[in-house]
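Inspection log for the structure reproduced underneath, given as structure tokens.
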Protein chains: 2
Amino acid sequence: MKPTIQNSIVLFKALSEITRLKIIWLLINIDSKICVSEIIEVLNQPQYNVSKHLRILRKAGLLEESKEGKWVYYYIKETDSEFILHLKKAISIISEKRHGC
Amino acid sequence: MKPTIQNSIVLFKALSEITRLKIIWLLINIDSKICVSEIIEVLNQPQYNVSKHLRILRKAGLLEESKEGKWVYYYIKETDSEFILHLKKAISIISEKRHGC
DNA sequence: TAAACATATGCGATATTTTGCATATGTTAT
DNA sequence: ATAACATATGCAAAATATCGCATATGTTTA
């Protein structure tokens, strides 16, 4: 299905914040799931902000979560949306330098 | 050249506002230049806002302008950035419904 | 059961973005 | 030169997003 312009805005907004874009970039590039505490460590951001940003990414349809005991893992949601596939390809091109720290 | 994460943020922000996304969608889909007053008419937005949004899109590197007499025409900037090319492909997929009015 | 750990969320403070208005700039027509 | 038209811009107000803190929820370990 083609996205509406409103859908598209939600996705572009989700990707317009640096911590969120770093999370997505990381997940696309490592190509596996990762738990919240690892994201906090890699990006060096407070727990509550990482948590809020993950929620926004999940609501936008970019991520999914799986709860495993104490931990919550996040991973890139599978999609057949051409729109999202193009966005992912774009993100995978972003330069690697200085994403953590 | 690969974009930095900061470059990417500028682009995603530029595309995160509905009037701006509509302008880009329009220009990609008509595949020609268009003058400011036409954009104002099609999108039914005040002149000063259209003008400001065009400026943001131009500064982000998505549009270029050409002044012709009284009028200023805007058009999609040619690029060889793979990142921007993927974004354009994504945008061209967005559903046509209700972009004006 | 209590403590420790991992994550989420409500709310006010702060920062950023967008809007609306007034006005400026530049061009063409009379 | 003046008027009419097309577009741009500065600034304050309004709207929105983000952050920081406190605290809540849920899970495991002692």
Side-chain angles (χ1 to χ4, degrees), chain A residues 5-27 32-75 77 99 101, chain B residues 5-27 32-75 77 99 101:
Chain A
I5 202 145
Q6 285 79 7
N7 294 157
S8 313
I9 291 289
V10 169
L11 284 159
F12 283 129
K13 278 193 181 164
L15 298 171
S16 294
E17 202 279 332
I18 194 153
T19 300
R20 290 198 295 268
L21 187 54
K22 284 178 179 175
I23 291 170
I24 293 287
W25 182 91
L26 183 65
L27 279 165
S32 71
K33 65 186 182 183
I34 187 174
C35 75
V36 180
S37 36
E38 290 177 295
I39 298 173
I40 290 165
E41 196 181 357
V42 173
L43 300 185
N44 198 38
Q45 289 290 312
Q47 178 272 322
Y48 49 81
N49 276 342
V50 169
S51 185
K52 282 170 189 172
H53 287 312
L54 285 168
R55 182 185 158 95
I56 290 169
L57 292 169
R58 186 168 47 75
K59 293 230 165 186
L62 289 165
L63 298 185
E64 273 180 336
E65 64 178 29
S66 83
K67 300 183 182 182
E68 302 185 16
K70 277 203 288 202
W71 294 278
V72 179
Y73 287 86
Y74 281 85
Y75 53 94
K77 183 175 178 179
H99 280 192
C101 309
Chain B
I5 202 146
Q6 284 80 7
N7 294 157
S8 314
I9 291 287
V10 170
L11 285 159
F12 283 130
K13 277 193 180 165
L15 299 170
S16 293
E17 202 280 332
I18 194 153
T19 300
R20 291 198 295 268
L21 187 54
K22 284 178 180 176
I23 291 170
I24 293 287
W25 183 90
L26 183 65
L27 280 165
S32 71
K33 65 186 182 182
I34 188 174
C35 75
V36 180
S37 36
E38 289 176 297
I39 298 172
I40 291 165
E41 196 181 358
V42 173
L43 300 184
N44 197 39
Q45 289 290 313
Q47 179 272 322
Y48 49 82
N49 275 344
V50 169
S51 184
K52 282 168 188 172
H53 287 312
L54 285 168
R55 182 184 158 96
I56 290 169
L57 291 169
R58 188 168 47 76
K59 294 231 166 184
L62 289 165
L63 297 186
E64 272 180 338
E65 63 179 29
S66 82
K67 300 183 181 181
E68 302 185 17
K70 278 204 286 200
W71 295 278
V72 181
Y73 287 85
Y74 281 87
Y75 54 93
K77 182 176 180 181
H99 280 192
C101 312

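Chain naming here is simple, since letters A, B, ... match the order of the sequence lines and numbering starts at 1 in each. No hydrogens, no waters, no symmetry mates; every other heavy atom, side chains included, goes into these values. Model, not experiment: these values are computed from the prediction.
In this structure the side chain of A:Q6 reaches within 4.5 angstrom of the side chain of B:I18, judged on heavy atoms. The shortest distance between side-chain heavy atoms of A:L57 and A:I24 falls below 4.5 Å.
The distance between atom CD of B:E17 and atom C1' of D:dT16, rounded to the nearest whole Å, is 12 Å. Straight-line distance from the CD1 atom of A:I9 to the P atom of C:dT17: 15 Å, rounded to whole Å. If you take CD of B:Q45 and P of C:dT19, they are 7 Å apart, rounded to a whole angstrom. Nucleotide D:dC5 holds its C1' atom 15 Å from the CD atom of B:E41, rounded to whole Å. With rounding to whole Å, A:L43 atom CG is found 14 Å from C:dT7 atom P. Put simply, CD1 on B:I40 is 14 Å from P on C:dT19, counting in whole angstrom units. At whole-Å resolution of the value, CG in B:L63 and C1' in D:dA8 are 16 Å apart. Atom pair A:I39:CD1 and C:dA8:C1' shows a separation of 14 Å (rounding to whole Å applied).
With sequence neighbours left out, B:Y75 forms a side-chain contact (heavy atoms from CB on, under 4.5 Å) with B:K33, B:E64, B:S66. In this structure A:S51 satisfies the side-chain hydrogen bond (donor to acceptor under 3.5 Å, both in side chains) test with no other residue, sequence neighbours excluded. Qualifying salt bridge (charged side-chain N to carboxylate O under 4.0 Å, His left out) partners for B:E17, counting only residues two or more places apart in sequence or in other chains: none. With sequence neighbours left out, A:S16 forms a side-chain hydrogen bond (donor to acceptor under 3.5 Å, both in side chains) with B:S16. A:L21 is linked by a side-chain contact (heavy atoms from CB on, under 4.5 Å) to A:L15, A:I91, A:I94, B:I5, B:S8, B:I9, B:F12, counting only residues two or more places apart in sequence or in another chain. Remark: B:V36 pairs with B:I40, B:V50, B:L54, B:V72, B:Y74 by the side-chain contact (heavy atoms from CB on, under 4.5 Å) rule, at least two apart or across chains.
Considering only side-chain N and O atoms, A:S37 lies under 4.0 angstrom from the phosphate OP1 or OP2 of C:dT7.
Proximity of residues 46-61 of chain A to DNA chain C (heavy atom under 4.0 angstrom from any strand atom) is restricted to A:Q47, A:Y48, A:S51, A:K52, A:R55.
For the helix from C:dT1-D:dA30 to C:dT30-D:dA1, the axis fitted to the five pairs at one end and the axis fitted to the five pairs at the other end meet at an angle of 10° (nearest 10 degrees).
In this structure, the side chain of B:R20 does not engage the main chain of B:H53 through any donor-acceptor pair within 3.5 Å.
Counting only residues at least two apart or in different chains, salt bridge (Lys or Arg N to Asp or Glu O under 4.0 Å) contacts with residues 47-58 of chain A comprise A:R58-A:E65.
Comparing B:E65 and A:K13 by the nucleotide of DNA chain D whose heavy atom lies nearest to each, the residue mapping closer to the 5' end is B:E65.
Across all strands, B:Y74 comes closer than 4.0 Å only to sugar-phosphate atoms, never to a base (heavy-atom distances).
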Seminar exercise, completed: Once base and sugar-phosphate atoms are separated, protein heavy atoms under 4.0 Å mark nucleotides 25-30 of chain C, 5' to 3', with B, S and - as --BS--
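Distance check, rounded to the nearest 0.5 Å: CG of B:N44 to OG1 of B:T19 gives 10.5 Å.
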